[in-house]
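Encoded as structure tokens, the structure appears first; notes follow it.
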Amino acid sequence: MRAAFATGFDDADPLAVLTIGDAPEPTPLDGWAVVEVRASALNHHDLWSLRGVGLRKEQLPMILGCDAAGIGPDGSDVVVYPVVYTEKGSFSILSEHYQGTIAERVTVPAYNLVPKPAELSFAEAACLPTAWLTAYRMLTTRGRLETDGAVLVQGAGGGVATAAVLIGRALGARVYATSRDAEKREKIAALGATALEPGARLPERVDVVIETVGEATFEHSMKAAKTGGRIVVSGATSGHLPRVDLRRVFALQLEILGTSMGTPDELADLMALMARTGVRPVIDSVVPFSDVRKAFEHLHSGDIFGKVVIDHTA
Ligand SMILES: NC(=O)c1ccc[n+]([C@@H]2O[C@H](COP(=O)([O-])OP(=O)(O)OC[C@H]3O[C@@H](n4cnc5c(N)ncnc54)[C@H](OP(=O)(O)O)[C@@H]3O)[C@@H](O)[C@H]2O)c1
């Protein structure tokens with residue numbers, strides 16, 4: 001079957017070790033199901049994998065992709081929940097230990113199949129399992145955002161960040177969002193956020209900061225949080241060793257909270273929120289599988305707004 005996989009690691013030029021070609025059919029374990037993938041979505045995670053983050057050489061070749069929506073073994077439309085729990089209680093995301101979703105077929109534990117809401121297209125549903133679920137958990141379970149709260153989203157052009165802007169608005173919060181790019185700031189404003197340049201002074205301090213950028217924005221995130229504010233971190237695209245002013249942490253009783261992905265219950269809650277409010281993922285582009293390399297190049301360029309989706313039927 002055709003697939004996109006990592007055949008090596010290259011920190012400087014990750015796309016040099018991306019291979020598009022033939023991969024073995026998935027061999028389901030006991031209790032696992034095979035899904036015919038209709039749409040997958042790219043995440044920054046796929047670039048990290050090509051750089052060798054979270055993968056060992058002996059695991060190669062590894063099919064990339066955490067996210068998929070498709071057809072389950074009983075013919076129903078499903079979304080693939082991408083976290084696989086081991087008996088030892090640890091967890092792994094598809095494409096880390098088990099083969100990923102950017103392929104004609106993927107195998108996952110049967111309990112990872114979630115019915116796709118009829119309101120969502122395959123392309124929209126494929127955006128949810130990683131970026132949207134992570135953003136939802138950051139704002140709700142971890143950030144404890146209240147309806148009349150305020151939130152700052154850093155690096156707002158990205159997949160997690162555009163999700164956080166829209167979910168924050170759907171939850172009734174005031175949303176501020178920074179982006180380095182003027183054109184992206186215009187698009188963010190159109191989503192209902194107050195768009196700002198990185199590091200800009202906010203009209204108010206916020207309850208929750210959504211941090212996926214890391215070093216480039218962290219100092220600003222610390223300054224933007226109000227007393228008792230929560231800075232929720234799920235990524236560090238620009239670097240993971242920012243300077244942290246500990247005096248500010250204790251004086252303002254700030255919370256710096258780490259988070260990864262989300263639970264199946266949170267995915268169900270997110271889908272219910274979307275059905276209720278009509279909120280849909282921001283899709284940067286839908287790229288046919290035959291052009292999957294172009295999709296990776298586009299993500300790698302950083303010139304994206306929302307999710308890059310792969311159409312597996314084309
Ligand atoms: N822990 C988890 O479960 C989890 C889940 C999902 C994602 N993540 C992590 O979260 C991060 C974002 O993921 P994603 O898939 O949303 O990535 P993405 O779609 O590629 O977006 C990355 C965004 O980060 C901003 N950015 C990048 N470099 C920057 C810099 N030097 N200065 C300021 N902003 C910068 C950009 O925003 P602007 O261009 O608008 O400035 C860019 O759009 C990644 O590191 C990813 O690995 C973690």
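When a ligand or atom number is given, it counts from 1 through the structure's own listing order. Keep in mind that this is a model prediction, so the values were computed, not measured. Side chains included, hydrogens not; waters and symmetry mates left out as well; all remaining heavy atoms used.
Taking 4.5 Å as the limit, some side-chain heavy atom of Tyr85 sits within range of a side-chain heavy atom of Val83.
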Please tabulate, for the side chains in residues 126-137, all donor-acceptor contacts under 3.5 angstrom to protein atoms that are two or more places apart in sequence or on a different chain.
unit_1 : atom_1 : unit_2 : atom_2 : d
Thr130 : OG1    : Asp67  : OD1    : 2.5
Thr134 : OG1    : Thr130 : O      : 2.6
Arg137 : NE     : Thr259 : OG1    : 3.0
Arg137 : NH1    : Glu266 : OE1    : 3.3
Arg137 : NH1    : Glu266 : OE2    : 2.9

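Among pairs with a residue in residues 274-291, those fulfilling side chain to side chain donor-acceptor pair (under 3.5 Å) read Asp284-His298, at least two apart in sequence or across chains. A side chain to side chain donor-acceptor pair (under 3.5 Å) check over residues 4-18, counting only residues at least two apart or in different chains, returns the pairs Thr7-Thr19.
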(message) With side-chain hydrogen bond (donor to acceptor under 3.5 Å, both in side chains) as the criterion, how do His312 and Glu36 come out once you've worked through the C-alpha distance, each side chain's angles and the decisive distance to 0.1 Å?
(response) CA-CA 9 Å; His312 287 233; Glu36 294 280 338; over 6 Å; no
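For the salt bridge (Lys or Arg N to Asp or Glu O under 4.0 Å) test with Asp207, the passing option among Lys226, Arg144, Arg174, Arg230 is Lys226; the others fail.
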Could you list, one pair per line, each nitrogen or oxygen of ligand 1 together with any protein nitrogen or oxygen closer than 3.5 Å, giving atom names and the distance rounded to 0.1 Å?
unit_1   : atom_1 : unit_2 : atom_2 : d
ligand 1 : 1 (N)  : Ser234 : O      : 2.9
ligand 1 : 1 (N)  : Ser260 : OG     : 3.1
ligand 1 : 3 (O)  : Met261 : N      : 2.7
ligand 1 : 15 (O) : His44  : N      : 3.1
ligand 1 : 16 (O) : Gly159 : N      : 3.1
ligand 1 : 16 (O) : Val160 : N      : 2.8
ligand 1 : 19 (O) : Gly159 : N      : 2.8
ligand 1 : 20 (O) : His44  : ND1    : 2.6
ligand 1 : 37 (O) : Gly155 : O      : 3.2
ligand 1 : 39 (O) : Arg180 : NH2    : 3.0
ligand 1 : 39 (O) : Lys184 : NZ     : 2.7
ligand 1 : 40 (O) : Gly157 : N      : 2.9
ligand 1 : 40 (O) : Ser179 : OG     : 2.6
ligand 1 : 41 (O) : Arg180 : N      : 3.1
ligand 1 : 41 (O) : Arg180 : NE     : 3.0
ligand 1 : 43 (O) : Gly158 : N      : 3.1
ligand 1 : 45 (O) : Trp48  : NE1    : 3.2
ligand 1 : 45 (O) : Thr237 : OG1    : 2.9
ligand 1 : 47 (O) : Trp48  : NE1    : 2.8

